[in-house]
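All remarks here apply to the structure that follows.
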Amino acid sequence: MSDVILRLALPSPLRRLFDYRATAAMARQPLTPGMRIRVPFGRREMIGILVEVCATSEVPADKLKPAIALLDPTSPLPPALLKLCLWTAQYYQHSLGDTLSWALPVLLRQGEAAEIRQERFWQVTADARLDDPRIARAPRQREALQTLSQHPHGVAHSLLSKLGLNKDSLDLLLAKELVQLEVRRQRPATRHEHWLAQPELPLNDEQRAAFEAVRSGFGSFHAFLLAGVTGSGKTEVYLQLIRETLEAGKQALVLIPEINLGPQTLARFEQRFNARIALLHSAVNDRERLDAWLAARDGEADIIIGTRSALFTPMKNPGLIIIDEEHDGSYKQQEGLRYHARDLALVRAHQENVPILLGSATPSLESLHNAHTGRYGLLRMNHRAGGAKQPRFLRLDVRSRPLDSGISGPLQQAIGKTLEAGQQVLVFLNRRGFAPTLLCHDCGWMSGCPRCDARMTVHQRSAVLRCHHCGYDERLPLRCPKCAHVDLRPVGAGTERAEERLKVLFPDFPVLRVDRDSTSRKDAMHNLFTTIQRGQPSILVGTQMLAKGHHFPRVTLVAILDADGGLFSGDFRASERMAQLIVQVAGRAGRAEEPGKVIVQTHLAEHPLLVQLTEEGYFAFAEQALSERRGAGLPPFAHLALLRAEAHKPGQAEGFLDEACSAAERLLAEQGGQGIELLGPVPAPMERRAGRFRAQLLLQASARAPLHRLISAWLLELEQMPSGRQVRWSLDVDPVDLY
Ligand code: ADP
Ligand code: ZN
Ligand code: ZN
C-alpha cells in the first residue's frame with residue numbers, strides 16, 4: 001500500500017509545513033484539512049493542523065515519522081476560517097502553524113474536544129411532592145426540594161452553592177427519586193422569535209441615511225466607513241443593522257477596542273436584544289472562550305462581540321461585520337503575528353461576501369483614504385443625536401505661565417466655576433503615576449531605568465520608581481543614589497499628582513482617578529462609573545481609559561493638560577493619534593443638555609495642526625494630514641514593512657540587519673523590483689529596552705506586490721542566516737509604530 005502523507009502546520013516559527021506518515025488506521029478515515037493530529041516533534045509531541053493529504057513527500061521515506069493520533073472525527077475548523085488563516089499567514093509572512101496558534105482558542109490548540117461543554121443539571125422529578133412523607137422529618141432535604149422546584153429547567157451543578165443548595169441533601173433526594181440528574185448543554189439552543197428586548201429609538205435623518213445605505217448592501221460584500229461625530233448615534237445605527245441581520249437569520253460580528261470593554265458598551269447590546277451573545281475578550285477564561293467560539297461556529301450564537309482576536313471566530317451564517325472605533329490602536333497586534341484586525345476584517349468580509357461597517361468619530365487616515373478612492377462608501381453623521389451641541393474648543397497658551405502640578409491658573413478657575421455650577425469636570429492626562437522623572441537638585445541625577453534608555457516614573461502612593469517600558473521597579477529612594485543628598489524632586493506631572501493637587505484645590509468635591517493603576521482591581525472601574533453616573537459635581541482625572549465610548553451626561557468641561565507630545569514626536573503617526581485622542585476626550589463633554597467646553601493646555605497654541613483641529617474639526621485636520629503624507633510618500637500612499645532586531649550585545653542587531661540589507665539589495669536587483677527603498681539599518685528610537693539593544697530596517701514601497709515578492713524570498717534567506725541566530729528578529733508588515 002502506498003503511503004498517505006499528512007502535511008501539517010505545526011506551532012513553530014518556521015515558515016514551512018511538516019510531513020508525517022498516516023498510520024494505517026488513520027489512512028482509512030476520511031481526512032480533511034483542519035483536523036488536529038498529534039505528532040512527535042524532536043523529543044516532544046505537538047498538535048498540528050492538517051493542511052493537505054499527499055501521496056509523496058520530499059522527506060526521505062526512512063526519515064518520515066508516523067503521526068501519533070487523529071484528534072477529530074471531522075475538521076473543527078470550517079473551510080472559511082482555514083482560508084482566512086492561510087491568507088493571513090501569507091500576507092503577514094508568518095508561519096501558518098503559528099498563525100493558527102494565534103487564531104484558535106487555546107483549548108482547541110491543546111487538544112480539547114471541539115464540543116460545547118456538557119454540564120450536569122439537577123431537576124425535580126415530575127411526581128415529586130414537597131409533602132412526601134419520606135422527607136417530613138428532613139428539613140434540609142425539604143428546603144432543597146423547594147428551592148429546586150422553583151427552577152423548572154433545572155440548576156447547573158456549578159451553580160448549586162450560589163443557590164444555597166447542599167450536595168448531600170440532593171444526593172439523598174436523588175436516592176428517593178425525588179430529583180434527577182441530567183447531562184446536557186449549558187444553554188438550550190433555541191432561536192428567539194422576538195429579537196427586541198427594548199424598543200428602538202426612531203432614527204434621525206443622518207442615521208437613517210447611513211442605516212439604509214448599509215442595509216441596501218446586505219447579502220454581498222460592501223465596505224462602509226461611518227464617520228460620525230462623537231454622540232451622533234453610531235451605536236444606535238449598529239444596533240438596528242444587527243436587528244436586521246438577526247431577522248434575516250444571520251449572525252453579526254462586532255469588534256470593539258480593548259479599552260471599550262466597559263460594562264456600558266456590552267450592556268447596550270445585552271439590553272437591546274433577546275439574542276444569544278457570545279463574548280470573546282481578554283477577561284473571558286479559556287473554557288468560556290472555546291464555548292463561545294463553538295457556539296458561533298455552529299450558529300448557536302447570534303451576536304459575537306469581542307476584541308481583536310475575535311476576528312478569527314468562525315460563523316455558520318455570517319451576515320454583517322462591524323468594527324467600532326476602527327481607528328483604535330488595539331486592533332493591531334504588536335507581538336508574534338502582527339496582524340491588523342480591521343484590515344483582516346475587510347479580507348474576511350470579502351471572502352465571506354458580507355457587508356462590513358467601520359465606524360469612528362475620528363477615522364484613521366488609511367480608512368479615509370479608502371473612502372476617498374471609492375473602496376469604502378463614506379457615510380457622514382455631523383450632528384449629535386438627541387440635539388446636544390458639539391463642544392467648543394479653547395487653546396490655552398501656557399508659555400510663561402506657572403503650572404501647578406500640570407494645572408495652570410486659568411484652568412483652575414474654569415474648573416472651579418464648573419463645579420460651582422453643579423457640573424462635572426474631566427481632566428485628561430495621558431501619563432500614569434505621580435511624575436515622569438525624579439531629579440536630584442544637587443547633582444542632577446535622574447531616575448533612569450537600568451534596563452532601558454528611559455526614565456523611571458515616580459509612583460508616590462506605592463513608593464516605587466517604575467519603568468513603564470519594561471516593568472522594572474525599585475523602592476523610591478530617600479537620598480540621591482549618586483551624591484546621597486536628600487533634595488530629590490519629582491519633575492512633571494502624571495495622573496496621580498494631578499489628582500492629589502486637585503484634591504487640595506477643591507476639597508469640597510470628590511476627585512476620581514481612572515487609569516491602569518487605579519482600576520486594576522476588578523470592580524474598580526464599575527464602581528467609579530456608578531459614582532459618576534449619580535451626577536453630583538466632581539472631578540474625573542484619567543488617562544485614555546476615559547477617552548472612549550463612555551457617556552458622562554454631567555461632564556461639561558474637559559481639560560486636556562498636555563497636548564504637545566504628539567506635535568514633537570518623530571513618529572509620523574503621532575499627530576494623527578494626538579488628534580484622535582483630543583477629539584475623543586473632547587467628545588465626553590456636554591453630551592446632554594448643557595453645552596460642553598474643552599480647554600487644551602499647550603505650549604504650541606499657534607501650531608497649524610492644533611489650530612486646524614480645534615477650529616475646523618477632525619476632518620479638516622485629516623485632509624491636511626493626508627496631503628502631508630502624500631507629499632512625504634508615507635502610508636496610506638506607500639507601503640511599509642519593518643524588520644526589527646534586538647540582542648544582548650551592542651552592535652549584534654545592526655550586524656544582522658546589515659547582512660539582511662545586503663541580501664535585500666541583491667534580491668531587488670535579481671527581481672528587478674522597482675520603487676522599493678531600504679532605509680537603515682538604524683538604532684531604534686529607544687535603543688535599549690529591557691536590557692536589549694534594538695535596531696531596525698525599514699522597507700518603503702510605492703506598490704504592494706513587489707514589496708511582498710521581495711519579502712517572501714528574503715525571509716527564507718533570513719531564516720538561514722547564522723547572524724540571525726544570535727538576535728531576536730521579526731518582520732512587521734504594515735507597521736503602525738515605527739520603533
Ligand atoms: P456614538 O456611538 O456616535 O458616540 P451613541 O450611539 O452613543 O453615539 O449616541 C449618543 C447618545 O444619543 C446616546 O445617549 C443615545 O441614546 C442617543 N441617541 C442615539 N440615537 C438617537 C436618536 N435617534 N434619537 C434620540 N437619541 C438618540
Ligand atoms: Zn544627587
Ligand atoms: Zn525599563
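Residue numbers run from 1 in the order of the sequence given. When a ligand or atom number is given, it counts from 1 through the structure's own listing order. Quick caveat: nothing in here was measured; it's all calculated off a predicted structure.
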Heteroatom N/O/S of Cys443 within less than 2.8 Å of the Zn ion (ligand 2): yes

N-O pairing of Arg432 and Glu496 below 4.0 Å: no

Any N or O of Gly228 closer than 3.5 Å to N or O of ligand 1: no

Atoms of ligand 1, numbered as shown, that sit under 4.0 Å from any heavy atom of Arg268: 5 (P), 6 (O), 7 (O)

Ligand-side contact atoms (ligand 1) for residue partner Asn204, heavy atom cut-off under 4.0 Å: 23 (N)

Between Glu236 and Tyr238: side-chain donor-acceptor atoms closer than 3.5 Å: no

N/O/S from Cys467 sitting under 2.8 Å away from the Zn ion (ligand 3): yes

4.0 Å heavy-atom contact, Ser232 with ligand 1: yes

Apex the Zn ion (ligand 2) - arms SG from Cys483 and SG from Cys440 - angle rounded to 10°: 110°

Pair Arg395 + Glu615, salt bridge at N-O below 4.0 Å: yes

Angle at the Zn ion (ligand 3) (to 10°), with one arm to SG of Cys449 and the other to SG of Cys470: 110°

Val425 side chain reached by Val555 side chain, heavy atoms, under 4.5 Å: no

Ser447-Arg455 side chain donor-acceptor pair, cut-off 3.5 Å: no

Donor-acceptor side-chain pairing of Asp515 and Thr495 below 3.5 angstrom: yes

Over 12 foreign heavy atoms within 6.0 Å of NE2, His372: yes

Contact flag Cys480/the Zn ion (ligand 2), N/O/S atoms, threshold under 2.8 Å: yes

Test: Arg688 and Asp453 ion pair at under 4.0 Å: yes

Location of contacts on Thr235 toward ligand 1, heavy atoms closer than 4.0 Å: both

Short N/O/S contact of His468 with the Zn ion (ligand 3) (below 2.8 Å): no

Geometric N/O contact Leu203 with ligand 1, under 3.5 angstrom: no

Side chain, backbone, both or neither: Gln207 near ligand 1, heavy atoms under 4.0 Å: side chain

Pro202 neighbourhood, listing ligand 1 atoms whose heavy-atom distance to it stays under 4.0 Å: 22 (C), 23 (N), 24 (N)

Residue pair Glu576, Gln580: steps toward the side-chain hydrogen bond (donor to acceptor under 3.5 Å, both in side chains) verdict: CA-CA 6 Å; Glu576 176 186 357; Gln580 288 164 343; 3.2 Å; yes

